[in-house]
Amino acid sequence: MSTTNAPRTGRMRTWMLEGLSDMGKGKPSRPVESSPEAGHKGQRWWRVMCLTGVDYFSTLGYQPGIAALAAGLLSPVATVVLVIVTLAGALPVYRRVAEESPHGEGSIAMLSRLLSFWKGKLFVLTLLGFAATDFLITITLSAADASTHLVENPHLAEALHDKQVLITMILIALLGAVFLKGFLEAIGVAVALVGVYLALNAVVVVTGLWHVATEGHVVTDWSTALTAEHGNVFAMIGVALLVFPKLALGLSGFETGVAVMPHVEGDPGDTEEKPTGRIRGTKRLLTTAALIMSVFLICTSFITTVLIPHKEFESGGEANGRALAYLAHEYLGNAFGTIYDVSTIAILWFAGASAMAGLLNLMPRYLPKYGMAPHWARAVRPMVIVFTLVAFLVTWIFDADVDAQGGAYATGVLVLICSAAIAVTIAARKASQRGWTIGFGVISAVFLYTTVVNVIERPDGVKIGACFIVGIILISLLSRLGRAFELRVTHIELDETAERFVQDISRRTARFIANEPDNRDAAEYRDKIEQIRADNDLPTSEDFVFAEVTVADPSEFEAGLTVRGEVLHGRYRVLTIESSSVPNALAALLLHVRDTTGTRPHIYFEWTEGNPFTNFLRFFLLGQGEVAPVTREVLREAEADRNRRPRVHVG
C-alpha cells in the first residue's frame with residue numbers, strides 16, 4: 001500500500017508547490033502560469049483592469065444603496081464629493097505608487113523601505129493585517145452580497161430562503177477552485193464578467209435617466225424635499241462632506257489595481273529595474289477604471305435616489321443592497337431583471353478574484369522573506385487554500401451579513417489609502433518636488449480625516465482589523481521562532497584577501513576563532529589565541545584565522561554575505577562579515593569553506609556568560625546571544641551527515 005500511495009502523494013506535493021521558487025525571493029510574485037518557465041509575458045492593461053474591475057465595478061451592486069442610507073436625499077451630492085476625492089485624490093496617489101513600486105508591492109513596500117529593524121517589520125505586519133482585512137472582507141462581503149441578490153430574486157426567493165450562508169460558502173469555494181486551476185483563467189473570466197456587467201448597467205442607467213426625463217415631477221419633488229430639509233447649497237455641501245466617510249467603499253479598487261500590476265504587459269525593452277511599459281499600462285488601467293466608475297457612481301446615485309422610495313433602501317426593503325437590481329426589475333421586467341441579477345451575482349462572486357490576487361501578491365512577498373511563514377507560503381496553491389478557509393470562517397462569524405462586514409471593509413480600504421498617500425508624500429519630499437509634496441500632503445490629510453471619522457462611527461472595523469493584525473503577528477513570530485535555527489544565507493562572496501586566507505589555511509587544518517570585536521588592538525587578538533589554545537589543548541604551532549561578525553539589521557531573515565579579509569597589527573588574519581545573525585553567518589562561512597576546499601573546518605568559541613534563556617532571546621531578537629551552541633545547531637540542521645559537518649569547539 002505504501003508503494004501505491006507514495007507516487008500519488010509525490011504528485012500532489014509537486015502540484016501544490018509548483019512555482020515555489022519564483023515567490024518571495026525579491027522578484028515580483030507570480031502565479032504558476034505566469035512564471036518565466038511558462039513563457040508568460042503579461043496581459044494587456046485593459047484585461048488586467050477587468051481583474052481589478054470585478055472588485056471596483058462590482059461595488060455598483062451595493063454602493064447606491066449605501067449612499068442612499070447614509071446621505072438620504074443628499075446621496076447624489078455626497079457621491080459627487082466621493083468622485084472628486086477619487087479623481088483628485090486617490091487616482092494621483094496610486095499613479096505615483098505605480099511609479100515608485102512597479103512590482104505590485106504597493107505603498108507597504110514604499111513605507112517599509114523607510115523603517116528598519118523590528119519596528120519596520122512590525123509596521124509592515126500591521127499594514128499587512130489591514131490589507132488582509134481589506135482583501136478577505138472583499139471576498140466574503142462580495143460573495144455575501146451575491147448570495148443576497150440570488151435569494152431575493154422573485155423566482156428564487158421561496159426556494160432559497162434562509163440558505164444565504166451556505167450559498168456564500170459555495171461561491172467562495174468556487175472562487176478558490178478557479179485559483180487552484182490557474183490565474184490566467186481568472187483574468188479571462190474577469191474580462192467577460194466586466195464587459196457584460198457594465199453593458200447591463202449602462203442599459204439600466206439609460207432607462208433610469210429616460211424615466212427621470214419623462215417623469216419631470218420626480219426631479220422637482222426631490223429638489224423641493226432637498227431644499228426643505230437642508231435649506232441652502234452650503235448646508236448641503238457641509239452635510240455631504242460629513243457623510244462622505246460612509247461612502248468610502250466606492251474607493252475600494254485602487255489597492256488591488258496596484259497589487260495586480262505584475263500581470264500588466266510591458267514593453268519589449270522593459271527590465272525588472274525599470275519596467276516603463278508596465279508602469280504606463282498600469283496608469284492607464286487606474287485612470288480608465290476611475291473614470292468609468294465615476295460616471296456610473298454619479299448616474300446610479302441620482303436615478304436610485306429620485307426613482308426609489310427611501311423606505312425600500314432600509315433593512316428588509318426590496319432595494320436594500322440591490323438598488324440597481326430593483327430598477328432593472330421595476331422598469332425592464334423580471335426577465336431582464338433576472339439577467340441583471342445573474343450578471344451582478346457573477347461579478348460580485350468574482351470580485352474576490354482581484355482580492356485573492358492581491359493577497360497572493362502581498363503575503364508571499366513579505367512573510368517568507370521575514371522568516372515569518374513556512375517555505376510553502378511562497379507557493380500559490382497552498383495559500384489559496386489557507387485564504388479560502390479563512391474566508392469560510394469570516395462568513396460563518398458574520399452570518400454572511402453584508403452590513404455587518406461593511407465597517408471592516410471600509411477601515412481596511414481607508415487605512416491602505418492613507419498609507420499610500422503618506423508614502424507618496426514622503427517620496428515627493430525626498431525628490432524635492434515641493435508642489436507634489438504639498439498636494440499629496442493635503443490628500444493625506446483628507447484621507448486621515450476620513451479614516452478617523454469612519455473608525456469613530458464604526459469601531460467594529462478596527463476591532464476586526466486588530467484581530468487580523470494580532471493573528472498575523474502571532475503566527476509570524478511563532479513561525480520565525482520555529483525557523484530560528486535555519487541556515488538563512490542565500491549566497492556568500494569572499495573578496496580576494498579572504499579567499500587567499502581560506503585557501504592558505506585549508507592546506508593544513510582550517511581553524512577559525514570566533515571573535516566579538518572590541519578594541520581590535522594587538523592585545524585582544526593575542527589574548528584570544530592564548531585562551532583558545534589553553535582551553536582546547538592546542539600546540540603553539542597551530543595557525544588560526546579570526547572570524548568577526550557585525551550585526552547589521554537583526555530583524556532581517558534571509559540575506560547574502562560578503563566576507564572581507566584584512567591583516568591587523570602585521571600578523572593577525574581577520575575575516576570580517578556583516579550579517580543579521582552571528583551564528584548563521586559563521587555557519588555559512590564554515591560550510592562554504594568546506595564546499596570550496598574539500599576540508600572540514602574547525603571553529604573555536606568561548607562560552608557566553610549569562611542566563612541561557614536571556615541569551616536565546618538576544619539571539620532571536622538581536623542576532624547575538626549564545627553563539628556557540630546556536631552555530632552548532634544551525635550546522636546540524638544544514639548538514640545531517642556528522643562526518644561532513646564542520647566541527648565546533650567550545651572552551
Side-chain angles (χ1 to χ4, degrees), residues 45 49 52 56 77-115 120 123-124 127 130 234 237-238 240-242 244-245 247-248 250-259 261 264 266-267 270 273-295 297-298 413-454:
W45 66 267
M49 182 192 73
T52 187
Y56 196 19
V77 180
T79 300
V80 170
V81 173
L82 173 66
V83 168
I84 292 172
V85 173
T86 297
L87 298 180
L91 179 58
V93 164
Y94 278 95
R95 283 173 64 91
R96 182 62 177 259
V97 171
E99 284 184 16
E100 300 284 343
S101 183
H103 301 306
E105 309 99 317
S107 57
I108 296 178
M110 294 175 64
L111 289 172
S112 69
R113 288 195 289 266
L114 302 173
L115 298 171
F123 178 75
V124 169
L127 285 181
F130 282 112
F234 296 105
I237 295 174
L241 291 172
L242 290 175
F244 158 70
L247 278 63
L251 298 166
S252 65
F254 286 99
E255 194 69 30
T256 49
V258 174
M261 188 174 176
V264 176
D267 293 337
D270 277 6
E273 294 74 24
K274 195 175 181 181
T276 306
R278 180 194 296 169
I279 293 172
R280 184 175 62 254
T282 303
K283 287 183 175 181
R284 290 176 181 171
L285 178 161
L286 294 169
T287 303
T288 305
L291 290 173
I292 292 173
M293 191 61 175
S294 296
V295 171
L297 282 174
I298 292 173
V413 169
L414 288 171
V415 169
L416 291 179
I417 292 180
C418 276
S419 72
I422 293 170
V424 298
T425 302
I426 296 171
R429 185 173 181 272
K430 283 191 169 185
S432 300
Q433 299 170 330
R434 188 168 181 273
W436 281 113
T437 302
I438 295 172
F440 287 136
V442 172
I443 294 171
S444 299
V446 170
F447 284 124
L448 282 171
Y449 155 77
T450 307
T451 304
V452 170
V453 172
N454 184 77

Side-chain (Asn454) to main-chain (Leu414) donor-acceptor, under 3.5 angstrom: no
Would you say that Met293 contacts Thr86 through its side chain, given a criterion of any heavy-atom pair below 4.5 Å between the two side chains? no
Between the OG1 atom in Thr287 and the CD1 atom in Ile292, the distance rounded to the nearest 0.5 Å is 11.0 Å
Give the C-alpha distance, both sets of side-chain angles, the deciding distance and a yes or no for side chain to side chain contact (heavy atoms under 4.5 Å, CB included) between Gln433 and Arg96. CA-CA 13 Å; Gln433 299 170 330; Arg96 182 62 177 259; 2.9 Å; yes
With a 4.5 Å cut-off on side-chain heavy atoms, are Leu291 and Leu87 touching? yes
Compare all side-chain heavy atoms of Phe440 with those of Ile426 and state whether any distance is below 4.5 angstrom. no
Between Ala428 and Thr437, what is the shortest heavy-atom contact and its length? C-OG1, 3.3 Å
Would you name the heavy atoms of Thr425 and Ser444 that are closest together and state the gap between them? OG1-OG, 3.2 Å
Nearest heavy-atom neighbours spanning Trp45 and Gly281: CB-O, 3.4 Å
Between CD1 of Ile438 and CZ of Arg429, what distance do you get to the nearest 0.5 Å? 12.0 Å
Nearest heavy-atom approach of Thr282 to Gly257 is CG2-O, 4.3 Å
Mark yes or no for whether Ser101, through its side chain, and Val97, through its backbone, hold a donor-acceptor pair below 3.5 Å. no
Can you check whether Tyr94 reaches Val424 side chain to side chain, under 4.5 Å on heavy atoms? no
Parallel, tilted or perpendicular: ring planes of Tyr56 versus Phe254, cut at 30 and 60 degrees: tilted
Going by side-chain hydrogen bond (donor to acceptor under 3.5 Å, both in side chains), name the residues that satisfy it together with Ser419, two or more places apart in sequence or in a different chain. Ser107
For a quick test of reading the model, state the closest non-hydrogen atom pair linking Val93 to Ile443 and the distance between them. CG2-CG2, 3.8 Å
Between Arg95 and Leu286, is there a donor-acceptor pair closer than 3.5 Å when you use the side chain of the first and the backbone of the second? no
Working to the nearest 0.5 angstrom, can you tell me the gap between His103 NE2 and Arg278 CZ? 6.0 Å
